[in-house]
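All remarks here apply to the structure that follows.
None of these values were measured; they are calculated from a predicted model. Protein chains get the first letters and strands the later ones, always in sequence-line order, with residue 1 at the start of each.
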There are 2 protein chains.
Amino acid sequence: MSNLFEHSTIEVLIAAKLDGTITLEELLKHGNYGLGTFTGLDGEVIILDNDVYQVDQTGTVNHITDMSTTLPFASVHTPSINEQPLKLAKADFTLLNQAFATEKNLKNVFAAIKLHGTFNAVKVRVAPKQEKPYPSLLAVTKNQPIFDTKDVTGTIIGYYAPELFGNVTAAGWHLHFLSDDHQFGGHLLSFVGTDLEGSFEVFDGLEQHFPISDPEFRNHEIDLTTLKAAIEESEGFQD
Amino acid sequence: MSNLFEHSTIEVLIAAKLDGTITLEELLKHGNYGLGTFTGLDGEVIILDNDVYQVDQTGTVNHITDMSTTLPFASVHTPSINEQPLKLAKADFTLLNQAFATEKNLKNVFAAIKLHGTFNAVKVRVAPKQEKPYPSLLAVTKNQPIFDTKDVTGTIIGYYAPELFGNVTAAGWHLHFLSDDHQFGGHLLSFVGTDLEGSFEVFDGLEQHFPISDPEFRNHEIDLTTLKAAIEESEGFQD
C-alpha cells in the first residue's frame, strides 16, 4: 500500500503554530521525496531522493544535512509500484489542474508528481523566517518574497490533494521547484515547461501524522469558518 | 507509531456508494478492534480481538467468519503502547463529550476507547440493508430500526475524531456496542453505564485508505456544502 505521509496539517500554519514538531531524521523514515517548511516558516523545503534543500527568503538554496532540523509541516512519500512514467510536451498549472487532473481522475484521491526538464518561465514564493510571537501563514504570505526566472532546468515535485481534505491540507496541487544548478527554487506560483519527463502516482491513502506530544498543537483552537479560504489564499497558485 | 486505520470515508455513505470495497481479510491486517458496516449498509459491525460481529436490522447478532465479506466503510486499530487502562464510575455521551474529552484534551486528535461493564440503559440504531439503487446514509437513518435495553453487560468500542476531519468521518465519538451474551448491539445512540473498565488511547495519526481502484469512488462528485451536516445528522448520538 502506498501512502502520502503528512506531518501535521496546513491548519497549524494558518493557526500560527510555526515551531517544528518533527526532525528531518524522523521525517525521512517516512519518505525520500517531498516538501515542507522549517521552524518559523524558514523557507521552502524540497526533498529529492533523501537530499534536503531549503530555499531561504533571500532566494539562496541551502543543502541541509543537520538531521536534527525540525519542521512544523511536511509531506513526503517513497515511490511505490503505483508510480508510472510521465511525459508532458507542455505543462503549466492550468494543464495540471484541468486536462491532466481529468485524465488521471484525481478529484477524490491524493497523488504525487515529479517533473524534470526545461522551464520557459518559473515564478516562486519563499516563506520568510518568522520570530515569536508568530504570525499566521496567511499574514506571512501577504508580504512574501517572490522570485521569477526564465529558461531554467530543474525539478518540480509535489502533491495533489482532494477537495474533501481542503481543511487539512492545500486542495489541488501543492508544488515546489528546484533548479538543477541549485541557484533557484521555492513554492511554485506559476510555471511553463516543455518536454518534461518524470513520474506520477496515485496513493492508496494518506497517513496523516499529528504532533500529539506538543501542547500547542493539542491546545490550540481551530477556526473552521475561515480555514479553507485562508489555506487557499496562502497556498494557491497564480495562473 | 500508532494509527487509526480508516477504510474509505463516511462521505461515501452519504453519497450513497454502499458497495463494499475492502474484504474483512484485508481489513483485519490493519487492526484487530474496530467498527464498520457491510455492503448495502447491512448492519452494524463490531470487531473485538479479531472476532467480527454483525448486528443486523432485526437486532440479531451474527458472528461473521467469511473473510471475503466486504465493507464500504470501516475503522480499525491495533492497541499500541499508547493504550492506557481506563475506569469510569459513571459514563454517558455527555461525560465522554465534555468532561472526559476536556480531561484527555481530545479536540485535535483521533482516539480509541474500549469500555466493558454493566449498562443501566443502552439505545442503539442498526442500519437496515439496502438494495440498488442505493439511497444515502442520511435517508436510511431517517427510518432506521432503533433498539433499547436495560441492565445489560457488554462492551463499547469506538473512536473520537477531531472537528477538523468532520468532512471525512464523524467528528466526536463514534461508538458501537455488543452485549456479552451476543443478544444485543448496534451503533450507540445513548447509554448510561456504571463501574466501567477498559482502555483508551490517543493515536499518533490517521491512516486514511481509499478504494482507488473502484470507479464509483473515483468518479463520484462530493457535495461539500451539505456534507458535514449530513454526517452529523446520520451519525449523531441522542443524549
Any side-chain to backbone donor/acceptor pair from A/Q208 onto A/S8? Under 3.5 Å, distance only.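 Confirmed, A/Q208 side chain pairs with A/S8 backbone.
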Is it the case that the side chain of A/W173 and the backbone of A/L96 share a donor-acceptor pair, with hydrogens and angles ignored and the cut-off at 3.5 Å?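 Such a contact is found between A/W173 side chain and A/L96 backbone.
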Counting only heavy atoms closer than 4.5 Å, note whether [X] contacts chain A via side chain, backbone, both or neither.
X	value
B/H7	neither
B/N3	side chain
B/K29	neither
B/I222	side chain
B/V109	side chain

Could you tell me if B/K114 sits above the aromatic ring of B/Y33, with its cationic atom closer than 6.0 Å to the ring centre and no more than 45 degrees from the axis?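 Positive - B/K114 is close enough to the ring of B/Y33 and near enough to its axis.
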Closest-packed option against chain A by number of heavy-atom pairs under 4.5 Å, given B/E11, B/E221, B/H209, B/E6: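 Counting heavy-atom pairs under 4.5 Å, the top option is B/H209.
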Considering only heavy atoms and a distance below 4.5 Å, find which of B/I212, B/V168, B/L106, B/N108 pairs most often with chain A.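 Most heavy-atom pairs under 4.5 Å with chain A: B/N108.
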Region of [X] in contact with chain B, defined by heavy-atom distances below 4.5 Å:
X	answer
A/L206	both
A/T9	side chain
A/L4	neither
A/N82	side chain
A/L224	side chain

Looking at OG1 of A/T69 and CG of A/L24, how far apart are the two atoms once the value is rounded to the nearest 0.5 Å?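 Those atoms lie 5.0 Å apart.
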B/Y160 vs B/L175 side-chain heavy atoms within contact, under 4.5 Å: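 When only atoms from C-beta onward are counted, B/L175 and B/Y160 do not touch, as no gap falls below 4.5 Å.
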Hey, are the side chains of A/D19 and A/Y134 touching, using non-hydrogen atoms and a 4.5 Å cut-off?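 A/D19 reaches A/Y134 side chain to side chain.
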Classify the ring geometry of A/F165 against B/F165: parallel below 30°, tilted from 30° to 60°, perpendicular beyond 60°.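 The arrangement is perpendicular - the two ring planes meet at more than 60°.
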B/F203/B/H77 aromatic ring centres below 6.0 Å: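 Ring-ring flag for B/F203/B/H77: true, centres closer than 6.0 Å.
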